[in-house]
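I have placed the structure first, in the form of structure tokens, so that the comments after it can refer back to it.
In what follows, chains carry the letters A, B, and so on, assigned in the order in which the sequence lines appear, proteins first and then strands, with residues in each chain numbered from 1.
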Number of protein chains: 4
Amino acid sequence: MTGPAKSVRAPRPRAAARPPAPAAVATAVKGAPRNAREARGRARREAILSAALDEFSARGFAAARLDDVARRAGIAKGTIYLYFADKESLFQELVRAMAAPLIANLEAFAGDDVPFASALERLVDLLLREVIGTRRKDVIRLIIAEGPRFPALAQFYHREVLERVMVSLRRLAQRAYERGEIRHRALVDFPQLLAAPVVVAIVWNGLFETIAPLDARALLQGHLDVILDRRSEP
Amino acid sequence: MTGPAKSVRAPRPRAAARPPAPAAVATAVKGAPRNAREARGRARREAILSAALDEFSARGFAAARLDDVARRAGIAKGTIYLYFADKESLFQELVRAMAAPLIANLEAFAGDDVPFASALERLVDLLLREVIGTRRKDVIRLIIAEGPRFPALAQFYHREVLERVMVSLRRLAQRAYERGEIRHRALVDFPQLLAAPVVVAIVWNGLFETIAPLDARALLQGHLDVILDRRSEP
Amino acid sequence: MTGPAKSVRAPRPRAAARPPAPAAVATAVKGAPRNAREARGRARREAILSAALDEFSARGFAAARLDDVARRAGIAKGTIYLYFADKESLFQELVRAMAAPLIANLEAFAGDDVPFASALERLVDLLLREVIGTRRKDVIRLIIAEGPRFPALAQFYHREVLERVMVSLRRLAQRAYERGEIRHRALVDFPQLLAAPVVVAIVWNGLFETIAPLDARALLQGHLDVILDRRSEP
Amino acid sequence: MTGPAKSVRAPRPRAAARPPAPAAVATAVKGAPRNAREARGRARREAILSAALDEFSARGFAAARLDDVARRAGIAKGTIYLYFADKESLFQELVRAMAAPLIANLEAFAGDDVPFASALERLVDLLLREVIGTRRKDVIRLIIAEGPRFPALAQFYHREVLERVMVSLRRLAQRAYERGEIRHRALVDFPQLLAAPVVVAIVWNGLFETIAPLDARALLQGHLDVILDRRSEP
DNA sequence: GATGAATGAGACTTCATTCAT
DNA sequence: GATGAATGAAGTCTCATTCAT
């Protein structure tokens, strides 16, 4: 009499439950009450996304239960459907929402004209602070784990995040090569080599954190030693 | 993800993956017939594992259906349970079975006394041929994706595979450092840095193979350029 | 007998039969709506228990299908699981629920100071009216049939029902013996002898009602003749 | 490609897997080898029935597994089908086989002309020795528990066993009444009253043997005290 | 005759999704 | 808007029965 469950395996496009962003501008129109309602709505949405990240990270997409997401967010199960069209939308919007603030800052770090070593040091800092040290690493884990089942999401992530990151890294490497700071073009052709240890750190600790944790900072510093061919103290 | 009911029965031991190996000697006694049955059993088991790898890779553990595994293996649903206790066991034994032949060869490659560059070249060849070019890469993807939900499996993989790989890589790097082939200890402290691009290649192509494939061979060669600080042609 | 699969999830507490009773007081606060929902819930629960009694009686625990229980209760299969953790819980709670109202009245009948014959006549009436004439006899049949597979249930029934019945019957017999209404202590030592024909009536009619029905009332009256050593009309 | 499972709930008549009894006469025809083969067959059949009684008693008809029956009988699962048409036939033949030797002796005990008290004492002895003290009590338990689902079996048991027992008990009671050994006709009208404590003992110990065992001998002796209105020692 | 691997219908349980309140 | 009871499709696992060896 009500309705059956949509299967995990036949993803169908759904109407986004809600316009991508309620636009802060509109809030001024009807003043406080409207504002309050919207603020409440945004907070709920955040709460759901946050809870969803926890649950999806802990169990994976298929095994995560919206019941648990709701409980963790402190709302009723049905409420999720006021904010997201379905489980899959929730997942995809989660990834997009976490990526959004990152995208804004992406092109920045390769812009200025500092020595390669300094740029890399700052990059490592940034990655440790903004990715590995935050829930963003969990999003990356999720994308790695679930991406193959969500081609649209993978494509989005590639286009909106990785492609831009690659462009910036490539520009960085290009300048370093031109200046003679590095002697090979490998990092220009494959900026992924610059980021590889970050992936390793995230994947490794996702699997082995409890049995053999990997010190991400030390790993990344070691990586810089290799790239910059720094001599170790004897 | 779902599963059958709590039974009234007293729990009894399950089809524990089958006795390790009925000893080739005994088979000679009664000859072919016994052998044939055993061979058939082994073949079935292989077929199930192969089908399972396909399905688990395509959908992930939770979303894969044993029905599909059976169909792909050309057997009936129930037959799976003659060879594996349940879905989880099938998954874990799949990973273990794929890891087994690898484990034997692991310590070999770091043994002899060749120049670092040659050793790395051979290592790259080995990885391309034996991992990235085979279904083993799919197993690694599976471990990365599902490992967090299967701590026992992650632990197994760490202990039986990665730990040994790390030891070998570390020995390699250690010798290279002592001979002055590299100037830094980073690769000794973090052999993961040597393997990082392999992880990246597997993860990247798992996600983006159709939209932006990454040439694993070129990537690994570039990585050697970086590590060995080779000069690029101008 | 069958049942779902061992899940990846961490096991979580189940729908533990529902909080004992939300306290009638609290319902007054928010009035009708809350009351209505609760009433509906209670009614559903009753309907499920009633349907379950029918199905378990007709087929036995193992062969009864929850599908049929649901259909008979006029609900969907899944709804059962909102009220009971699983098939076994449903069965056990069914027995407990049917026993509960009886337990309250159990100690009463042996309390007052009437002649043994009158007490027995009243007891016979009570048993015919409240047990043999109701579905309670079906519950007793179920316990006899399935009890050996549900030790916890058997224990519960012994402790909460039979033990109390036995105590009351023994007190009755004890008084009768002291007053000289009976000449032997057998009924004091084995109050089961007083109740034996009830068991026989239930078991007999459970098996042979259609081919050789046993008149329970006449049987019990005959039993009184024996116990009280009444002379038959010639 | 092979065959599905027959449901518990749509019992259909099957060809008896084998003529009721292999007739000892025929064995003489071909001499020893034939004899040996037949003996072996009979032994197998016995072993299966014995194992089946154990399993059916322990789990009930529906939950018992032929796999376990086979294992317990020391044979392969398929072998059961050489001796019995299906699970249901096995169950029914089990009950019939256990009843058979009893049936032969049933009319005997009421035949001779002894005092009622002596006849009852002998009857009690017989029941303790031949029923309660043997696996026959388990068969009775099985009939009580499963009979409602096997009308043909219930009918058989009523006709072949209980009806005859009732006739004999009634004759006994009739004579006792005529001789003035008892003053009431209740036992003539309801011979079940004579047997009631046996049923109680079997049912009670089936349920509560571990938590509150009932001394069957003492119970039956007490019953005689009641029936014969014997005075207890003060 | 005996075996036991294989089959596949069937039953329990889960959970995404809906909708009356 | 929010709730959470209800739905029912879907998936795992079991086991009676068959049949090639």
Are side-chain N/O atoms of A:S57 and A:D54 paired as donor and acceptor at under 3.5 Å?
-> no
Could you check whether A:I75 gets within reach of a base, just the sugar-phosphate, or nothing at all, counting any heavy atom under 4.0 Å?
-> sugar-phosphate
Rounded to whole angstroms, how far apart are CG on A:D67 and C1' on E:dT18?
-> 14 Å
Distance, rounded to the nearest Å, where C:Y81 contributes OH and F:dG8 contributes C1' | 13 Å
Taking for each residue the nucleotide of DNA chain E with the nearest heavy atom, is it B:A76 or C:G78 whose nucleotide lies nearer the 5' end?
-> B:A76
Secondary-structure string, 5' to 3', Watson-Crick or G-U under 3.5 Å, | for another-strand partners, for DNA chain F = .||||||||||||||||||||
List in chain and number order the residues that pass salt bridge (charged side-chain N to carboxylate O under 4.0 Å, His left out) with A:R40, two or more places apart in sequence or in another chain; answer none if no residue qualifies.
-> none
Interatomic distance where CD1 belongs to D:I80 and C1' belongs to F:dT18 [whole Å] = 14 Å
In whole angstroms, the gap separating C1' of F:dT18 from CG of D:L66 amounts to 13 Å
Taking only the side-chain nitrogens and oxygens of B:R40, find out if one of them lies under 4.0 Å from OP1 or OP2 of F:dA20.
-> no
At under 4.0 Å, does any side-chain N or O of C:Y83 touch on OP1 or OP2 of F:dA6?
-> yes
A:A47: partners by side-chain contact (heavy atoms from CB on, under 4.5 Å), with sequence neighbours left out | A:A73
For B:K77, the salt bridge (charged side-chain N to carboxylate O under 4.0 Å, His left out) test, sequence neighbours excluded, returns none
List in chain and number order the residues that pass side-chain hydrogen bond (donor to acceptor under 3.5 Å, both in side chains) with B:E146, two or more places apart in sequence or in another chain; answer none if no residue qualifies.
-> none
Tell me which nucleotide among F:dG4, E:dG4, F:dG11 gets nearest to the side chain of D:K77.
-> E:dG4
So, is C:K87 close to the E:dC12 phosphate, meaning a side-chain N or O under 4.0 Å from OP1 or OP2?
-> yes
side-chain contact (heavy atoms from CB on, under 4.5 Å) against D:T79, all qualifying residues, sequence neighbours excluded | D:R44, D:I75, D:A76, D:L82, D:Y83
Just how far, in rounded Å, is P of F:dA2 from CZ of A:F84?
-> 12 Å
Closest to side chain of A:L82, choosing from E:dT17, F:dA2, F:dT17 = F:dA2
Would you indicate which nucleotide in E:dA2, E:dT13, E:dA16 comes nearest to any side-chain atom of D:R44?
-> E:dA2
Candidate nucleotides E:dA9, E:dA16, F:dA6, ranked by approach to the side chain of C:T79 - the nearest = F:dA6
